[in-house]
Amino acid sequence: QATLVESGGGLVQAGDSLRLSCVVSERTFMWYNMGWFRQAPGKEREFVAVIGWLSSALDYADSVKGRFTITRDSANNTTYLLMNSLKPEDTAVYYCARGRRRLGPLATKKDDFDVWGQGTQVTVSS
């Protein structure tokens, strides 16, 4: 079973940037979609971004389009989430996740991902 470890969270001011990283333990990483989700206190975990096993396939939540960028580095088994122009409403625990199906279609629902990291806290002050 693969393990995912996120890092890069922190406390920043509105307008600042952060880059989150997610390292996957298995070399088969390259064959799976990778996603980022977030969960704010008292709210459901929500989709943020996904990148396909073919890196050309991407999707973003409307709330982050134009501000966040998801990328992957197959040589280092790592997925990144670059977050620019951060807003207080971006405050949440951010989770990376591996797609359920090898070579699967791009997906944005939590149930389409079966391996999750422990999360990293992002706090944006106003």
**Q** Treating Asn77 as the side-chain partner and Glu26 as the backbone partner, does any N or O pair qualify as donor plus acceptor under 3.5 Å?
**A** yes
**Q** In Å, rounded to the nearest 0.5 Å, how long is the span from OG1 of Thr28 to CZ of Arg98?
**A** 6.0 Å
**Q** Is Thr123 reaching over with its side chain to a backbone N or O of Thr91, donor-acceptor style, under 3.5 angstrom?
**A** no
**Q** Using side-chain heavy atoms (C-beta onward) and a distance below 4.5 Å, is Arg67 in contact with Met83?
**A** no
**Q** Using the rule that Ile, Leu, Val, Met, Phe, Trp and Tyr join whenever any side-chain heavy atoms are under 4.5 Å apart, tell me whether Val24 and Val115 fall into a single cluster.
**A** yes
**Q** Asn33 versus Asp112: any side-chain heavy-atom pair under 4.5 Å?
**A** no
**Q** Is the gap between the ring centers of Trp36 and Phe68 under 6.0 Å?
**A** no
**Q** Does the Ser126 side chain pair with the main chain of Pro88, one donor and one acceptor, at a distance under 3.5 Å?
**A** no
**Q** Just wondering, do Trp53 and Tyr32 contact through their side chains at under 4.5 Å, heavy atoms?
**A** no
**Q** Kindly determine whether Lys87 and Asp90 satisfy salt bridge (Lys or Arg N to Asp or Glu O under 4.0 Å), including the steps that lead there.
**A** CA-CA 5 Å; Lys87 305 175 181 180; Asp90 294 318; over 6 Å; no
**Q** If you measure from CD on Glu6 to OG1 on Thr79, what distance do you get to the nearest 0.5 Å?
**A** 10.5 Å
**Q** Counting only heavy atoms from other residues, nucleotides and ligands, does the tally under 6.0 Å from CH2 of Trp116 exceed 12?
**A** yes
**Q** Is it the case that the side chain of Tyr60 and the backbone of Ile70 share a donor-acceptor pair, with hydrogens and angles ignored and the cut-off at 3.5 Å?
**A** yes
**Q** Do you know which of Arg19, Met34, Arg72 makes side chain to side chain contact (heavy atoms under 4.5 Å, CB included) with Tyr80?
**A** Arg19
